[in-house]
Asker: 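Provided herewith is a single structure, encoded as structure tokens, for subsequent inquiry.
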Amino acid sequence: MLTFAIGTLAVLVLLAFFRAPVFVWTAAIGVMGATWATVLGFGAVLNTSLAAAFVALAAAANLPALRRKLFSDLLLAIYRRILPDMSQTEKEAIDAGTVWWDADLFSGRPDWERLLATPAPRLSAEEQAFVDGPVEEACAMANDWEVTHERYDLPPQLWQFLKDKGFFGMIIPKKYGGLGFSALAHSEVVTKLSSRCNALAVTVMVPNSLGPAELLLHYGTDEQKNHYLPRLAKGQEIPCFALTNPEAGSDAASIPDFGVVCRGTWQGKETLGMRLTWDKRYITLGPVATLLGLAFRLYDPERLLGGKEDLGITCALIPTATPGVNIGRRHLPLNGAFQNGPNSGKDVFVPIEWIIGGREYAGKGWMMLMNCLAAGRSISLPASSVGGAKALARVTGAYARVRSQFKTPIGKLEGVEEALGRIAANAYLMEATRVMTAGAVDLGEKPSVISAIAKYHMTERARACVNDAMDIHGGKGICLGPNNWVGRGYQVLPVGITVEGANILTRTLIIFGQGAIRCHPYVLREMRAAKELKGEDASREFDDALTSHIGHTLSNAVRAVVHGLTRSVFATAPLGAAPETRHYYRHVTRLSAAFAFLADVSMLAMGGALKRKEKISGRLGDVLSMMYLVSATLKHYEDQGRLKADLPMVRWAVRDALYSAQQAIDQVLSNFPVKALATLLRWTIFPLGMPFRPPLDSRNHECARLALEPGAARDRLTAGIYLPKGEADATGVLETALLATVACEPIEKKFREAVKSGALAPRSGVDTAQLARDTGVISAEEYAQWQRKETLRKRVILVDDFPQDFGRAEIMEKLGDARTVHAKAA
Ligand SMILES: Cc1cc2nc3c(=O)[nH]c(=O)nc-3n(C[C@H](O)[C@H](O)[C@H](O)COP(=O)(O)OP(=O)(O)OC[C@H]3O[C@@H](n4cnc5c(N)ncnc54)[C@H](O)[C@@H]3O)c2cc1C
């Protein structure tokens, strides 16, 4: 009996585990039920009744028409009542873009073979030449201190260089005179620029992300494209995109800026147009823009366009020279010194043809913006964050080796090592995520949820890196000046956190909120069946989605328990993956099943209220995000040829992410509103307790060593950033000082040992190295080498000081009025 009971349970578990179709379940239950009835000897009457009940249930489960009548139609009616209505803008946000690896992670059964079979993203020879040529040159022309303290702008020759070399037209196809670069190349360019100067990176990022060029490419009329794209590609037009209003920031769909369709006089002729009134702030490149991409709500009270009165959000291109456009004043975003400012207009009349895409696109602005953002968010901010993180890994590692306290390089003190190791491992994970995400865009995806994950986590990890770097630099990072290479990065970091969807909102509303609807295999189908379909179509679609959904949930529950009880050993991992990382894939497969089950139960338990329970949805989003970051890290390790020297960073990053995912699940369960369900979920997800542990200190030590040691692994970790050549620049001096310090370590060891053994007696006021030379402990060449290192070290630890006015009088005399430069250029 016991064996038979175990066998029955095993069959049920296997059916659920492998998500068997309904008819297989029916057949298996029929056979097992008949066997049990025989074994237990129920007697004819009971057997007949049970058989009849089974046949009735089997028919209901297997005959869709009957199942719908008895079961799904009733649920559909209830679901329709409880499902909150979605606004048009919410619908457009949900529908925007595509799903990719995020859908696999939501399925409970990620197809690792498919992910690893995706080719490693690579630059073309032309793109590589651009990164090695003009991008290097642009970096060399940008002096961050001059830009952020003296000019509050890029120098005019750099503006011109960017225009001449096509930096503003990276996304514009060649047929319009642009560079026609891949998403990866675009991301690579921004990575390098941001490792040198934030204002330079932002200036290049904006024309290549959500704004006039991108909107025109997707939605513009031929006439608009032919006119504007060549001009934008060559920098003859400087674009900006204005959505944010003082009253509407995160809730951008509620902008009060408006246009009214009307007739008016344009260039002496009566013309159908719009009278626009707007008040925008924070607009990047706004103060120097010649072409304003403007978002506003369009009304057509006289039905001149033949449709509704409230047409909705609309995007138009307004040359900033148009009478009535107020533009040019500046904000000062955390001393970043990129061009950013407000603009406004009142009753400005413009032709209706200025709507992007023409009058057919009146009212379609929100859909256009959401679709462009779905891909665009994958590139600019992840790339600029990665550029910053890699640069921090490089300079902080070097500084921590050159700077000594307590007669030890500070990077070798365990407390500092902990922070440095984190920077290195985070930079590795961030690079992996940047490359995989840009690669997805190049495969044709517009991954709306993944782009939110990349934007949120890359900017947050950059923030973690810069905080660690600041701590390691101590006072050197705090006193601003040309010799401080971290302070400005620390200052401007919150800009990335705030723009393209402020991070708190992105985490709590978009990643899980949008993910649960878009990436879930069945939820969107159920919602559409309930809200968009009618009659028989709705019934069929809902029934099909619902039955599949039930199978999906049941299967994920069983898989979560089985993987939990077996410590993921039966979870899938790709056959071709490196043996040293294969167990990580299994852990993610386990987490994916647990997450899918948890997400389903959370939606069932909280319904529409989950949207307002942002502490829960934010943590669910964290689990999804961590699985994505681990996937990217593992794929990067494969794509880079399984370099063993990089393994400590892979191990640290993966363990850290798995542990964070586990913490997030634990916190969801601890705060789950239905306590009985929380207990059930905990038994299902963590049947043997919580399995993941934080990264080991030994791994952290290896990661820190990698940042401290000049060599191939450090170069690989920081590949793609700008490295100043020579000693004209503070970070150039730092690089040379690092090499000199490492080379002098054996020399230092010699005279330290001599002091210890008593062979050398240090005297106050006399340089010990000099004494060591004079007493023959080190040679004259070694002493010269030591002296050179000391000169470099002193330059590295140097902190800037200024006259009382911080040199403003001298600077103003040198530069004149910076605005005149743009006015002349315009
Ligand atoms: C330097 C800079 C450059 C910019 N460039 C441009 C540009 O070129 N064009 C343009 O149109 N705009 C631009 N912006 C505007 C930017 O997109 C907005 O700042 C952003 O949308 C946030 O709006 P807000 O600043 O008004 O903050 P608020 O909307 O007031 O948000 C404040 C806080 O509340 C949080 N929050 C809001 N709603 C929710 C919610 N439902 N759930 C949880 N948290 C929520 C936010 O995450 C944020 O932390 C720029 C801003 C800056 C600072």
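Values below: all heavy atoms of this structure, side chains included; hydrogens, waters and symmetry mates excluded.
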Asker: Please list every donor-acceptor pair under 3.5 Å in which a side-chain atom of residues 382-396 meets a protein atom from a residue at least two apart or in another chain.
Answerer:
unit_1: S384; atom_1: OG; unit_2: S380; atom_2: O; d: 3.1
unit_1: S384; atom_1: OG; unit_2: L381; atom_2: O; d: 3.2
unit_1: S385; atom_1: OG; unit_2: L381; atom_2: O; d: 2.7
unit_1: K390; atom_1: NZ; unit_2: E431; atom_2: OE1; d: 3.1
unit_1: K390; atom_1: NZ; unit_2: E431; atom_2: OE2; d: 3.4
unit_1: K390; atom_1: NZ; unit_2: A719; atom_2: O; d: 2.5
unit_1: R394; atom_1: NE; unit_2: E735; atom_2: OE2; d: 2.9
unit_1: R394; atom_1: NH1; unit_2: D715; atom_2: OD1; d: 3.0
unit_1: R394; atom_1: NH1; unit_2: T718; atom_2: OG1; d: 2.8
unit_1: R394; atom_1: NH2; unit_2: D715; atom_2: OD1; d: 3.3
unit_1: R394; atom_1: NH2; unit_2: E735; atom_2: OE1; d: 3.0
unit_1: T396; atom_1: OG1; unit_2: L392; atom_2: O; d: 2.6

Asker: Evaluate whether atom CZ of F802 has more than 12 neighbouring non-hydrogen atoms of other residues, nucleotides or ligands under 6.0 angstrom away.
Answerer: yes
Asker: Taking atom types as modelled, is there a side-chain donor on W145 or N484 under 3.5 Å from an acceptor on the other?
Answerer: no
Asker: Hey, are T148 and R488 close enough side-chain-wise for a donor-acceptor pair under 3.5 Å?
Answerer: yes
Asker: Grab the two heavy atoms, one from G411 and one from L708, that are nearest each other, plus how far apart they are.
Answerer: O-CD1, 3.6 Å
Asker: With F241 as reference, evaluate T284, V206, L291, L215 under the side chain to side chain contact (heavy atoms under 4.5 Å, CB included) test and give the passing residue.
Answerer: L215
Asker: How close do I497 and T459 get, heavy atom to heavy atom, and via which atoms?
Answerer: CD1-O, 3.7 Å
Asker: Quick one: do E136 and K725 make a salt bridge, cutoff under 4.0 Å?
Answerer: yes
Asker: Which heavy-atom pair separates L243 from A295 by the least distance, and what is that distance?
Answerer: CD1-CB, 3.6 Å
Asker: Please check if any side-chain donor atom of S344 sits under 3.5 Å from a side-chain acceptor atom of N326, or the reverse.
Answerer: yes
Asker: Strictly by modelled atom types, are D622 and S625 linked by a side-chain donor-acceptor pair under 3.5 Å?
Answerer: no
Asker: Is it true that R434 and E188 have a side-chain N and a carboxylate O under 4.0 angstrom from each other?
Answerer: yes
Asker: Without hydrogens or angle criteria, can the side chains of N426 and W652 be said to hold a donor-acceptor pair below 3.5 Å?
Answerer: no
Asker: Under the 3.5 angstrom rule, does the side chain of S182 hit a backbone N or O of A185 as a donor-acceptor pair?
Answerer: yes
Asker: Is the ring pair H636/Y428 parallel, tilted or perpendicular, if the boundaries are 30 and 60 degrees?
Answerer: perpendicular
Asker: Between the main-chain N or O of C139 and the side-chain N or O of R196, is there a donor-acceptor pair closer than 3.5 Å?
Answerer: yes
Asker: With the threshold set at 4.0 Å, does a side-chain nitrogen-carboxylate oxygen contact exist between D656 and R461?
Answerer: yes
Asker: What is the ring orientation for F161 with F167, classed by angle as parallel under 30°, tilted 30 to 60°, or perpendicular over 60°?
Answerer: tilted
Asker: Using a strict threshold of under 4.0 Å (side-chain N to carboxylate O), is an ion pair present between R714 and E709?
Answerer: no
Asker: Taking all heavy atoms of G293 and all of L317, pick out the closest pair and write down the distance.
Answerer: CA-CD2, 3.9 Å
Asker: Any Lys/Arg nitrogen of E500 or K455 sitting under 4.0 Å from an Asp/Glu carboxylate oxygen of the other?
Answerer: no
Asker: Please verify the inter-ring angle class for Y282 with H331; under 30° counts as parallel, over 60° as perpendicular, anything in between as tilted.
Answerer: tilted
Asker: Report yes or no: do N483 and D800 form a side-chain donor-acceptor pair below 3.5 Å?
Answerer: yes
